[in-house]
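To start, the structure under review is shown below, and the notes come after it.
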Amino acid sequence: MTDSGLQAILDGREARWLRRRELCGQGALLTLVMNVPGPEKNLPLWNEAHHRVTNFLKTDLGDRTRFFERRESPAGAESHFVTEMSASELKRYAVLLEESHPIGRLLDLDVMDAQGNVMDRNALDLPPRRCFCCGKAARICSRAGTHSLEELLCRAEALLKAWQNEI
């Protein structure tokens, strides 16, 4: 990856964070991005999955959604849902989806309350996310570099393709 490509991803993430900070004042905010390993965040397979999960969320959240937008950047596609739900209720909903959806481990569903506080699993006494390659705590594998990029991409693509075949 070039330095300019990395900088574009970092700039996209910064813009996403700033947008989340703007939107959360309207209510509890759910942001969907995909956990895309590696430098290329906008591959067609991933964008299609993001689009389908976004549509599912639009339907499932329904009239509990006050505001919705979908944006794209070099950091990947992102969808923002400002809801009428409490932040803790929304986080529990997000965790349930991450744990029960066929590609849930590839979803990154972040929640902020109306004051801009990030709701994490720990705040609700929920277990940490699991690595989709080995099942250990994802944070540990990520920090230790336990799995190669190739292994992560192969596993992720296999999950996405299996899900597409189910649909």
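If you read the sequence from its start, that first residue is 1, and numbering goes on from there.
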Next item on the list: Write out all pairs satisfying side-chain hydrogen bond (donor to acceptor under 3.5 Å, both in side chains) with one or both partners inside residues 106-116, taking only residues at least two apart or from two chains.
Entry: Asp113-Asn117
Checklist line | Qualifying salt bridge (charged side-chain N to carboxylate O under 4.0 Å, His left out) pairs, either residue in residues 136-164, two or more places apart | finding: none
Check: Among the clusters formed by ILVMFWY side chains lying less than 4.5 Å apart, do Leu45 and Ile103 turn up in the same one?
Finding: yes
Check: Given a cutoff of under 4.5 Å between side-chain heavy atoms of I, L, V, M, F, W and Y, with clusters grown through shared members, what are the other residues clustered with Leu153?
Finding: Leu149
Item checked: Pair Arg70, His50: side-chain N/O donor-acceptor within cut-off below 3.5 Å -> yes
Note to self: Once rounded to the nearest 0.5 Å, what's the spacing between atom SG of Cys24 and atom NE2 of His80?
What the structure shows: 11.5 Å
Margin query: Are Leu6 and Pro39 packed together at the side-chain level, in the sense that at least one heavy-atom pair is separated by less than 4.5 angstrom?
Written below: no
Notebook entry, point to check: Leu124 versus Val95: any side-chain heavy-atom pair under 4.5 Å?
Noted result: no
Next item on the list: To the nearest 0.5 angstrom, please state how far the CE atom of Met119 sits from the CD atom of Glu89.
Entry: 11.0 Å
Item checked: Beyond-backbone contact of Cys134 with Cys141, side-chain heavy atoms, under 4.5 angstrom -> yes
Margin query: Quick one, Leu23 and Thr31 - any side-chain contact, counting heavy atoms below 4.5 Å?
Written below: no
Check: So which heavy atom on Leu159 is nearest to which on Pro102, and how close?
Finding: CD2-O, 4.4 Å
Sequence neighbours excluded and cut-off under 3.5 Å, please list the side-chain donor-acceptor pairs for residues 10-18, or say none.
| from | atom 1 | to | atom 2 | distance (Å) |
| --- | --- | --- | --- | --- |
| Asp11 | OD1 | Gln7 | NE2 | 2.7 |
| Arg16 | NE | Glu78 | OE1 | 3.1 |
| Arg16 | NH2 | Ala75 | O | 3.3 |

Check: Are Trp163 and Val53 side-chain neighbours, meaning at least one heavy-atom pair lies under 4.5 Å?
Finding: yes
Next item on the list: Hey, could you give me each pair passing ring pair (Phe, Tyr, Trp, His ring centres under 6.0 Å) that has a residue in residues 117-137? Not counting sequence neighbours.
Entry: none
Next item on the list: Identify the two heavy atoms, one from His147 and one from Cys131, that lie closest to each other, and give their separation to 0.1 Å.
Entry: NE2-SG, 3.4 Å
Notebook entry, point to check: Under the ring-ring contact (aromatic ring centres under 6.0 Å, His included) test, which residues partner His51, sequence neighbours left out?
Noted result: none
Notebook entry, point to check: Leu29, Phe56: one ILVMFWY side-chain cluster at the under-4.5 Å cut-off?
Noted result: no
Next item on the list: Drop me the distance from Leu96's CG to His101's NE2, to the nearest 0.5 angstrom.
Entry: 11.5 Å
Check: ring-ring contact (aromatic ring centres under 6.0 Å, His included) with Phe68: which residues, sequence neighbours excluded?
Finding: Phe81
Next item on the list: Just grab all the salt bridge (charged side-chain N to carboxylate O under 4.0 Å, His left out) pairs involving residues 121-132, residues at least two apart or on different chains.
Entry: Glu98-Arg121, Glu98-Arg129, Glu99-Arg121
Check: If you look only at pairs with a residue in residues 22-36, which of them pass as a salt bridge (charged side-chain N to carboxylate O under 4.0 Å, His left out), with sequence neighbours excluded?
Finding: Arg19-Glu22
Check: Ile9 and Lys41: side-chain contact (heavy atoms from CB on, under 4.5 Å), yes or no, with the steps?
Finding: CA-CA 8 Å; Ile9 290 172; Lys41 307 297 184 189; 4.1 Å; yes
Note to self: If you compare all heavy atoms of Ala77 against all heavy atoms of Asn47, which two are closest, and at what distance to 0.1 Å?
What the structure shows: CB-OD1, 4.1 Å
Note to self: Quick check on the hydrophobic clustering: are Val33 and Val111 connected, directly or via other members, by side-chain heavy-atom contacts under 4.5 Å?
What the structure shows: no
Item checked: Residues that Ser100 engages under side-chain hydrogen bond (donor to acceptor under 3.5 Å, both in side chains), provided they are two or more places apart -> none
Next item on the list: Could you check if a side-chain atom of Leu107 sits within less than 4.5 angstrom of a side-chain atom of Met34, using non-hydrogen atoms only?
Entry: yes
Notebook entry, point to check: With sequence neighbours left out, what residues match Ile140 under side-chain contact (heavy atoms from CB on, under 4.5 Å)?
Noted result: Ala137
Notebook entry, point to check: With the 4.5 Å side-chain cut-off for hydrophobic clustering, are Leu61 and Met112 part of the same group?
Noted result: no
Next item on the list: List the atom of Val36, the atom of Trp46, and the distance in Å for their closest heavy-atom pair.
Entry: CG2-CE3, 3.4 Å
Note to self: Ignoring hydrogens, what is the shortest heavy-atom contact between Leu160 and Ala49? Give both atom names and the distance.
What the structure shows: CD2-CB, 3.6 Å
Next item on the list: Return the set of residues passing side-chain hydrogen bond (donor to acceptor under 3.5 Å, both in side chains) with Asp120 (not counting sequence neighbours), or none when no residue passes.
Entry: none
Note to self: For a side-chain contact (heavy atoms from CB on, under 4.5 Å) check, start with the C-alpha distance between Leu109 and Tyr93, then their side-chain angles and the critical distance, and finish with the verdict.
What the structure shows: CA-CA 10 Å; Leu109 293 162; Tyr93 170 85; over 6 Å; no
Checklist line | Spacing of OG1 belonging to Thr83 relative to CG belonging to Leu30, to within rounding of 0.5 Å | finding: 7.5 Å
